[in-house]
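These notes concern the structure reproduced below.
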Amino acid sequence: MFGLSYMSPLVVIATFGAIAVKTGGAVATAYIVATLAMLATAASYGFMASRNPVAGSAYTYASKVFGPATGFLVGWVLLLDYFFIPMVICLLTATSLSTLDPDVPFWVWVVVVSAMSTLINVLGIKLTDRVNLIIMVIQLVMVAMLGYLCVVAILHVPGAELASVKPIMNEHTSWGMIMAGAAVACYSFLGFDAISTLSEETVDPRRSIPRAIFIATLLGGAIFIISTYLLMVAHPSLTFESIDTAAYEIVGQVGGETFKTVFTVVVAIAFFAAGLCAHASASRLLLVMGRDDMIPAKPFGYISPRFKTPVVNIVLVGLVMLAAMKFDISTSTAFINFGAFTAFFAVNAAVIALLTRNSAERKGRLALMIVAIFGAAFCGSLFLSLDRLALELGLSWFAIGIVYLLTKTLVLKRPLPRLANDV
């Protein structure tokens, strides 16, 4: 439930239009490909989590297998992820709210969402398991209702067929287009790997964490595939008023304006709740890294005596969220995917390296080796599908990390900075 809640099943609504256009309508295939790749990566995460039941996730796994320098660089690239995730969620939330009242300028919604998230995080908030469960249940109910309404709408259209191959493959698509769509579709899965960060707080983590990671990924993929298939069959055209709000148009088409309004409010609440978590996580990561002197302790290591929260970091992340005014969903998710693909590739590569080096570990794990190779190859190939701007930003950030690492360690003559989660 934690993994599903972090992934947020309704996120498929936000990226539907972008993936539909990129794939020429073969949205379901893009999600099938993404699901297979993420399941392979989930298996690798599960294996590494069973060996290292600590909260470090990709940071720790890369450090353990490849050494602290590689672990640092994996963590450095993921810093970009942590900065952009709150911004993207702000963009998704503002997009949802803008469909309720198109007369309100989009930038107003961005500012409101950013300001509310910043204020709540500064004052301090705990999203309890019960609140997350309620939000999760509401999301699943809305997904089920949308699926039902799509089926009803399809069956009432003369000549329409519920079983259609167009969302899978059609004359307007190609494998290259599907891969480009899969790169965006992978954004929907971000969060399954976060389950591994609960290793130190889980009963029997060596067994429970791998199972939870795989099951959450499988369920999330099933929801995404079925939802996008039904949406595409209900609206086979690629003509939308706006790519970013394409799915909302279909929701109104199959369920009417009242259902669309309720659905949009639920989506906005789900996104905002996820945004609060992402905002808090990003600010805490900066805090820990500041305390470890991996980045300057001032101001990143500062905690407000009054609110007991890292106010400077929270405000900084809130300001980054305002960049949502300048980006579209496709490009923004590509920024995040650069960091995510780096971590996913690193974990798959760690499994391959570990099994290759250790004959005892390799025995009886040929299937895992093949799965990890597939996961690494797919995650590596997805870099080719990223937007040019995302590649330039990601590679530039990576280069800065190398320069920072060399400067910090006097060209590796001093001990490397200690990652926040490294053990």
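What you see below is based on every heavy atom in this structure, not just the backbone, and it leaves out hydrogens, waters and symmetry mates. Quick caveat, the model's predicted, so the values are computed rather than measured.
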Return the [atom1] to [atom2] distance between [X] and [Y], rounded to the nearest 0.5 Å.
{"X": "Phe16", "Y": "Phe224", "atom1": "CZ", "atom2": "CZ", "value": "14.0 Å"}
{"X": "Leu73", "Y": "Ser63", "atom1": "CG", "atom2": "OG", "value": "9.5 Å"}
{"X": "Leu405", "Y": "Ile402", "atom1": "CG", "atom2": "CD1", "value": "8.0 Å"}
{"X": "Ile226", "Y": "Leu231", "atom1": "CD1", "atom2": "CG", "value": "12.0 Å"}

Aromatic centroids of Phe398 and Phe338 separated by under 6.0 Å: no
[X] side chain near [Y] side chain, heavy-atom distance below 4.5 Å:
{"X": "Ile225", "Y": "Thr35", "value": "yes"}
{"X": "Leu368", "Y": "Leu355", "value": "yes"}
{"X": "Val65", "Y": "Arg357", "value": "yes"}
{"X": "Phe272", "Y": "Ile120", "value": "yes"}
{"X": "Val74", "Y": "Phe66", "value": "no"}
{"X": "Phe214", "Y": "Thr217", "value": "no"}
{"X": "Met369", "Y": "Thr356", "value": "yes"}
{"X": "Leu10", "Y": "Val143", "value": "yes"}

Distance-only side-chain donor-acceptor flag, Ser188 / Tyr31, under 3.5 Å: yes
Within 6.0 angstrom of Lys166 NZ, more than 12 heavy atoms from elsewhere: no
Between [X] and [Y], what is the shortest heavy-atom contact and its length?
{"X": "Thr93", "Y": "Ala268", "result": "CG2-O, 3.8 Å"}
{"X": "Trp109", "Y": "Ala94", "result": "CB-CB, 3.8 Å"}
{"X": "Ile168", "Y": "Ala28", "result": "CD1-CB, 3.9 Å"}
{"X": "Ala185", "Y": "Ala30", "result": "CB-O, 4.2 Å"}

Tyr45 and Phe344 aromatic ring geometry - parallel, tilted or perpendicular at 30°/60° bounds: perpendicular
Trace of the ring pair (Phe, Tyr, Trp, His ring centres under 6.0 Å) decision for Phe259 with Phe263: CA-CA 6 Å; Phe259 178 75; Phe263 186 89; 5.7 Å; yes
